*Asks:* 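Could you have a look at this structure, given as structure tokens, before my questions?
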Amino acid sequence: MGYEKIMKTWKLGVMGAFYENTFLEVEPEERPFHLIRRSAELGCRCVDFNLPFDTGEDGLKRLRECALEHDVELELRTPRSFWELSGNKGKEARQDLERQIDIMDACGSKVLHGAFGHLTIPYSRYRDQGRHIQEDLEFLAGNLRIAGELLQDRGKVLGLENHCDFTAKEHAQLFEMVDSPVIGCALDTANGYSVYFDPDEENRILAPWAFTTHIKDMKMKQEMVMTERMPFYPVGVAVGEGNVNIAAALELLARKAKIKEGLHIIVECGWEENSEEDLKRMPAHLIKRKMFEDSIRWLQEYIASR
């Protein structure tokens with residue numbers, strides 16, 4: 001199958017919490033269901049389901065029925081204890097992961113999405129001036145090997161996001177160290193900026209490891225007040241409006257991803273910079289909603305044109 005035809009099998013979606021939080025009027029307990037319905041209205045067939053939901057038997061039954069009714073696949077997140085699998089609390093962490101896999105089964109989910117970076121220096125390659133990167137990668141690999149055994153037994157895969165922590169080369173080294181058929185990448189197409197690595201090069205390196213994605217675009221802006229900071233910086237924009245070569249990233253994914261057919265193409269919008277004029281025209285939450293919906297439309301039109 002040619003890569004253009006592969007693109008047409010993809011399932012588009014949104015990063016759930018960021019998008020759903022733009023609907024201020026929706027009650028918290030109804031947000032999971034509103035998110036599924038709204039995703040379907042946008043023409044999406046998957047969602048990064050990173051928001052709270054009822055994991056009781058009745059709650060999961062209702063969630064599965066809603067997802068099936070609207071033909072939307074849920075991509076769930078790793079439990080909070082995930083990075084304790086190889087430590088003193090390993091038994092509890094293993095139970096938490098097994099429970100999350102049970103929830104995946106109940107929801108009809110196949111892909112688990114995880115990340116190490118917490119958007120802080122202690123959880124990045126800059127910890128202690130980068131002197132312990134190899135040690136950190138060994139720590140991640142130890143946990144991922146344990147997770148891989150559990151996931152493989154249950155027919156699931158894990159995409160680990162390049163989440164403002166390590167460069168693409170370091171993530172690729174990590175995946176080679178783990179050497180598991182069910183451990184790969186949740187490729188964020190713009191997060192290379194956060195570790196001062198060219199996103200287009202990052203996408204080239206990590207696309208062959210991809211089980212899922214965050215399709216994100218960012219645009220370089222000029223620092224208007226020349227201080228001791230760098231003269232330009234990236235801000236979030238709608239897909240297709242920034243400096244990331246999204247079209248090239250999509251072609252790489254179609255040609256090389258670990259999951260090609262049915263790949264989750266999930267839009268993430270964030271880190272935008274709204275001017276006073278922007279906010280006079282539209283509230284911040286509606287600006288973000290528009291970014292998401294413009295991004296989905298851009299992807300739909302691009303894929304349809306292939």
Side-chain angles (χ1 to χ4, degrees), residues 12-24 42 48 50-51 113 115-121 123-126 161-168 171 185-207 212-250 252-253 265-302:
L12 271 58
V14 295
M15 184 181 180
F18 281 15
Y19 180 66
E20 183 59 29
N21 286 345
T22 70
F23 293 89
L24 307 183
L42 291 174
D48 176 2
N50 63 330
L51 74 172
H113 188 127
F116 176 72
H118 287 39
L119 312 184
T120 59
I121 286 176
Y123 288 88
S124 79
R125 69 189 310 278
Y126 303 112
E161 187 175 342
N162 49 321
H163 196 247
C164 314
D165 40 26
F166 301 99
T167 67
H171 275 283
C185 183
L187 174 58
D188 186 299
T189 55
N191 273 354
Y193 283 129
S194 68
V195 289
Y196 298 90
F197 199 94
D198 176 9
D200 294 336
E201 179 68 4
E202 181 129 322
N203 297 334
R204 184 188 67 78
I205 293 171
L206 291 180
T212 184
T213 66
H214 273 171
I215 304 301
K216 182 195 293 175
D217 206 351
M218 302 190 80
K219 184 175 183 177
M220 298 303 293
K221 293 194 70 172
Q222 179 72 54
E223 178 65 65
M224 300 308 293
V225 179
M226 289 300 182
T227 65
E228 296 180 355
R229 293 192 298 182
M230 287 190 174
F232 21 79
Y233 59 97
V235 298
V237 293
V239 168
E241 296 180 3
N243 292 114
V244 180
N245 191 337
I246 298 295
L250 296 175
L252 282 165
L253 288 163
I265 300 294
I266 293 172
V267 167
E268 178 187 358
C269 295
W271 297 334
E272 64 271 21
E273 185 176 77
N274 298 322
S275 68
E276 290 184 8
E277 290 301 315
D278 293 331
L279 295 172
K280 286 179 182 177
R281 289 192 294 268
M282 190 180 295
H285 70 286
L286 294 183
I287 292 175
K288 186 181 285 289
R289 187 189 301 175
K290 185 175 185 299
M291 286 174 64
F292 268 100
E293 295 178 359
D294 287 350
S295 298
I296 289 293
R297 280 191 289 272
W298 188 96
L299 288 165
Q300 289 169 333
E301 290 171 6
Y302 179 82

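Nothing here was measured: the structure is a model prediction, and the numbers come from that model. Hydrogens, waters and symmetry mates play no part in the numbers below; they use all other heavy atoms, side chains included. Numbers here simply count residues along the sequence, with the first being 1.
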*Asks:* Using a 3.5 Å distance criterion without hydrogens, assess whether the side chain of His118 forms a donor-acceptor pair with backbone atoms of Phe116.
*Replies:* yes
*Asks:* CD/Glu20 to CZ/Phe292 distance, rounded to the nearest 0.5 angstrom?
*Replies:* 11.0 Å
*Asks:* Any chance you could measure His214, atom NE2, to Met15, atom CE, to the nearest 0.5 Å?
*Replies:* 5.0 Å
*Asks:* Could you verify whether a donor N or O on one side chain and an acceptor N or O on the other, from Asp188 and His163, lie under 3.5 Å apart?
*Replies:* no
*Asks:* Taking all non-hydrogen atoms of both residues into account, name the closest pair between Gly16 and Asn50 and its distance.
*Replies:* N-OD1, 3.3 Å
*Asks:* A quick test of your reading: do over 12 heavy atoms of other residues, nucleotides or ligands sit less than 6.0 Å from CZ of Phe18?
*Replies:* no
*Asks:* Please examine the side chains of Met230 and Tyr196, heavy atoms only from C-beta on, and report whether any two atoms are closer than 4.5 Å.
*Replies:* yes
*Asks:* Check whether any side-chain heavy atom of His113 lies under 4.5 Å from a side-chain heavy atom of Asp48, and answer yes or no.
*Replies:* yes
*Asks:* Compute whether any side-chain donor of one residue and acceptor of the other, for Asn191 and Glu202, lie under 3.5 angstrom apart.
*Replies:* no
*Asks:* Please lay out, stage by stage, how Val244 and Tyr193 fare under the test side chain to side chain contact (heavy atoms under 4.5 Å, CB included).
*Replies:* CA-CA 10 Å; Val244 180; Tyr193 283 129; 4.0 Å; yes
*Asks:* Supply the atom-to-atom distance Asn243 CG to Asp200 CG, rounded to the nearest 0.5 angstrom.
*Replies:* 9.0 Å
*Asks:* A side-chain contact here means heavy atoms from C-beta on lying under 4.5 Å apart; do Tyr302 and Val239 qualify?
*Replies:* no
*Asks:* Quick check: closest heavy atoms across Ile296 and Gly13, and the distance to 0.1 Å?
*Replies:* CD1-O, 3.5 Å
*Asks:* If you compare all heavy atoms of Ser295 against all heavy atoms of Ala238, which two are closest, and at what distance to 0.1 Å?
*Replies:* OG-CA, 3.5 Å
*Asks:* Is the count of non-hydrogen atoms from other residues, nucleotides or ligands lying under 6.0 Å from Ile121 atom CD1 greater than 12?
*Replies:* no
*Asks:* Ignoring hydrogens and geometry beyond distance, is a side-chain donor-acceptor pair present between Gln222 and Tyr233 at under 3.5 Å?
*Replies:* no
*Asks:* Minimum heavy-atom separation for Ala17 to Leu51, with atom names?
*Replies:* CB-CB, 4.3 Å
*Asks:* Quick check: closest heavy atoms across Leu252 and Ala207, and the distance to 0.1 Å?
*Replies:* CB-CB, 3.9 Å
*Asks:* For a quick test of reading the model, state the closest non-hydrogen atom pair linking Phe197 to Ala168 and the distance between them.
*Replies:* CE2-CB, 4.1 Å
*Asks:* With rounding to the nearest 0.5 angstrom, report the CD1 to SG distance, Ile287 to Cys269.
*Replies:* 12.5 Å
*Asks:* Please step through side chain to side chain contact (heavy atoms under 4.5 Å, CB included) for the pair Glu201 and Ile205, ending with a clear verdict.
*Replies:* CA-CA 6 Å; Glu201 179 68 4; Ile205 293 171; 3.9 Å; yes
*Asks:* Please check this pair: side chain of Asn274 against backbone of Ala284, looking for a donor-acceptor N/O pair closer than 3.5 Å.
*Replies:* no
*Asks:* Using a strict 4.0 Å threshold on nitrogen-to-oxygen distance, state whether Lys288 and Glu272 make a salt bridge.
*Replies:* yes
*Asks:* Using salt bridge (Lys or Arg N to Asp or Glu O under 4.0 Å), reason through Glu241 and Lys219 one step at a time and then give a plain yes or no.
*Replies:* CA-CA 7 Å; Glu241 296 180 3; Lys219 184 175 183 177; over 6 Å; no
*Asks:* Under the 3.5 angstrom rule, does the side chain of Asp165 hit a backbone N or O of Ser124 as a donor-acceptor pair?
*Replies:* no
*Asks:* Hey, could you give me the CG/CG distance between Leu42 and Leu12, rounded to the nearest 0.5 Å?
*Replies:* 10.0 Å
*Asks:* Checking His285 against Asn21 for the side chain to side chain contact (heavy atoms under 4.5 Å, CB included) test, could you report, in this order, the C-alpha distance in whole Å, the side-chain angles of both residues, the deciding distance, and whether it holds?
*Replies:* CA-CA 8 Å; His285 70 286; Asn21 286 345; over 6 Å; no
*Asks:* Is it true that a side-chain atom of Asp217 and a backbone atom of Val237 form a donor plus acceptor pair closer than 3.5 Å?
*Replies:* no
*Asks:* Can you tell me how far apart CE (Met218) and CH2 (Trp271) are? Round to the nearest 0.5 Å.
*Replies:* 6.0 Å
*Asks:* Look at the side chain of Thr22 and the backbone N and O of Arg289, then say whether any donor-acceptor pair between them is shorter than 3.5 Å.
*Replies:* no
*Asks:* Assess the residue pair Ile266 and Val14 against the criterion (side chain to side chain contact (heavy atoms under 4.5 Å, CB included)); give the C-alpha distance rounded to whole Å, side-chain angles, the decisive distance to 0.1 Å, and a yes or no.
*Replies:* CA-CA 5 Å; Ile266 293 172; Val14 295; 5.6 Å; no
*Asks:* Say whether Ser275 and Asp278, considering side chains only, have a donor N or O and an acceptor N or O under 3.5 Å apart.
*Replies:* yes
*Asks:* Is the His171 ring parallel, tilted or perpendicular to the Phe166 ring (thresholds 30°, 60°)?
*Replies:* perpendicular
*Asks:* Whether the side chain of Thr189 engages the backbone of Ile215 through a donor-acceptor N/O pair (distance < 3.5 Å, no angle test) should be reported.
*Replies:* no
*Asks:* Is it true that a side-chain atom of Asn203 and a backbone atom of Ala249 form a donor plus acceptor pair closer than 3.5 Å?
*Replies:* no
*Asks:* Any side-chain donor paired with an acceptor under 3.5 Å for Tyr19 and Glu293?
*Replies:* yes
